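In listed order, ligands and their atoms are each counted from 1. Note that the structure is a prediction, hence the values are computed from the model and not measured. Atoms considered below: every heavy atom in the structure, side chains included; atoms not considered: hydrogens, waters and symmetry mates.
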Amino acid sequence: MPTITRAVLVVALALMAVRSPAATPIRLMLLDGESGGPWHKWQLTTPVLKKALEETGLFQEDVVTAPAVTGELTSFTPAFGDYRAVVMNYDAPDERWPADLKAAFEKYITAGGGLVVVHAADNAFSGWPAFNEMIGVGAWRGRTEKAGPLWYVKDGKVVPDQTPGPAGSHGARIPFAVTVRDATHPITRGLPSAWMHQGDELYALLRGPGKNMTVLATAYSAADNAGSGHDEPTMMALSHGKGRIFHTTLGHDVNGMSCVGFVTTLQRGAEWAATGKVTQKVPATFPSAQTVSYRADLAAMDPKFVKGLNPLDAAK
Ligand code: ZN
């Protein structure tokens, strides 16, 4: 090989070495599409999730958008097995997925696939038993006591409440405190014991089987903001077969997702669901028990965001 060619090759290899990540990226499928109504704009929130996951340098994500027309779902066969975890920014009714698709997803999770359930994804598929076991608790889409008891934390314990009624409620999107209930889990280890979350929907009255479910964090659903008066589960770690599931009820919209607390727990939850471990440090900008901390760059991904007009800016 001529010296000049060899020199070029050496430089090219050196550049490749610098540019390639330290380890093989963890492949994630970001599943989005259909929603329960105009209020969950996955078209706006998926890019926020993607950016937050990408910046860790750990993941490689592909966005897979499910069709919203039942007939088109018969040819929708996502290659779940190509991914270590599915990040679900998706909500659809029971009848949407054909039996084959549901079976393929169940097989993937049972065999050890990871799942991250973000906010409204726990509204999906109210009558699909395996899905409800994966998420532990869910809301809306006709869920009642038949979906399972209400689950919340009382006197430091996760308890079922057999009171009949519908499932799902939230008040106005104001900041609220998130309290860590299990500081030993890889996702929550090293986080402050309580932190203020950016204005968001605080989901309450969640119902479900609650099997194999560890409540990692709760938020108090205050009666003066249309709440339940209970410490509601906001972050959960679950298992289903060999599969690991991280479920966060936070993240209604871009504003809620811009919270550093949401971003950090999403990043850590995705790594845990995919690998069973968390290698990421808690950022210095993590919110405290007194003050919210949000990412202006992420908040600005909502076209309605106007710098300086965020109510949290005004409060400073
Ligand atoms: Zn919502």
With distance as the sole test, does N132 use its side chain to make a donor-acceptor pair with the main-chain N or O of F125 at under 3.5 Å?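 Yes: the side chain of N132 pairs with the backbone of F125.
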Is there a donor-acceptor contact under 3.5 Å from the side chain of R207 to the main chain of P166?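 Yes.
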The Zn ion (ligand 1): angle it makes with NE2 (H40) and NE2 (H119), nearest 10 degrees: 100°
Please find out if the Zn ion (ligand 1) and some N, O or S atom of H252 are separated by less than 2.8 Å. yes
Taking both backbone and side chain into account, is any N, O or S atom of D253 nearer than 2.8 Å to the Zn ion (ligand 1)? no
Does R96 pair with E72 as a salt bridge, N-O distance under 4.0 Å? no
By atom name, which N, O or S atom belonging to E201 lies closest to the Zn ion (ligand 1)? OE1
Parallel, tilted or perpendicular, judged at 30° and 60°: which one describes the rings of W195 and H197? perpendicular
